[in-house]
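Notes follow the structure.
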Amino acid sequence: MKRRTFSAGLLALWCARGALADALPETEATAADVSEPATLLEQGMATWYGGRRWQGRRTASGERFDGHAFTAAHPRLPLGSWVRVVNLRNGREVQVRINDRGPSKRGFVIDLSEAAAQALGFRRQGRAKVALHSSAVPRASRKSDSSF
């Protein structure tokens, strides 16, 4: 029951933020003036998966895994949602899209693609302590109003 409530609340947050962002006019001043609230979702250990073993396999969302894309696996967040991941050791951060389920190992909160782990600076180590923050869809990924 708690998982459903958490997921439903998070989904409502994503929908509300998306509607607000779509209502704002797309100008350079608006993009610079509107700051994203930092909503901490959780902290814990992150790992990465990829390489030849996973490349091209189907993810839980149905798409093919691409280790060069900024994607991640999370056990509870809605598929398709965006998360800002911050490496707590060096302060680097990336935005990733949740497209798979995992990690299954206790104590780990997220599995990142190889590209995301490289950008966060822990690919060689294999794991890092991270913070997950809610994030809006990156501007480059939003559909323009003219496509309707």
Query - Spatial distance of atom CZ (R89) from atom CD (Q125) [nearest 0.5 Å] - result: 7.5 Å
Query raised in the report: Which heavy atom of P103 sits nearest a heavy atom of A73, and at what distance?
Result: CD-O, 4.0 Å
Report task. Report yes if some heavy atom in the side chain of R123 is under 4.5 Å from a heavy atom in the side chain of W48; otherwise report no. Result -> yes
Query raised in the report: Between R101 and L79, is a side chain to side chain contact (heavy atoms under 4.5 Å, CB included) present by the stated rule, with each step listed?
Result: CA-CA 8 Å; R101 294 294 175 213; L79 295 174; 3.6 Å; yes
**Report entry** Side chain proximity check, I110 to I98, heavy atoms < 4.5 angstrom
**Finding:** yes
**Report entry** Contact summary for A69 and A115, nearest pair of heavy atoms
**Finding:** O-CB, 4.0 Å
**Report entry** Spatial distance of atom CG (N90) from atom CZ (F122) [nearest 0.5 Å]
**Finding:** 10.0 Å
Query - Side-chain touch F108/R127, heavy atoms, less than 4.5 angstrom - result: yes
Query - Residues R58, E63: salt bridge by 4.0 Å N-O rule - result: no
Query raised in the report: How long is the gap from OG1 on T39 to CZ on R84, to the nearest 0.5 Å?
Result: 9.0 Å
Query raised in the report: Roughly how far, to the nearest 0.5 Å, is the CH2 atom of W82 from the OG atom of S134?
Result: 14.0 Å
Report summary line: Rounding to 0.5 Å, atoms CG (L112) and OG1 (T47) come to a distance of 8.0 Å
Query raised in the report: Hey, mind stepping through V109 and L41 against side chain to side chain contact (heavy atoms under 4.5 Å, CB included) and telling me if it holds?
Result: CA-CA 10 Å; V109 296; L41 299 174; over 6 Å; no
Query - Student check: side-chain heavy atoms of V83 and S135 closer than 4.5 Å - result: no
Query raised in the report: What's the spacing between F70 CZ and E114 CD if we round to 0.5 Å?
Result: 11.0 Å
Query - Minimum side-chain heavy-atom gap N99-T71 below 4.5 Å - result: yes
Requested in this report: Indicate yes or no: at least one non-hydrogen side-chain atom of L88 is less than 4.5 angstrom from one of K129.
Outcome: yes
Query raised in the report: Counting distance only, does the side-chain N/O of N87 pair as donor-acceptor with the main-chain N or O of L120 below 3.5 Å?
Result: yes
Report task. Taking the side chain as every heavy atom from C-beta outward, state whether Q55 and D66 have any pair of such atoms under 4.5 Å apart. Result -> yes
Query raised in the report: With a 4.5 Å heavy-atom cut-off, do V86 and L132 have their side chains touching?
Result: no
Query raised in the report: Strictly by modelled atom types, are H74 and E42 linked by a side-chain donor-acceptor pair under 3.5 Å?
Result: yes
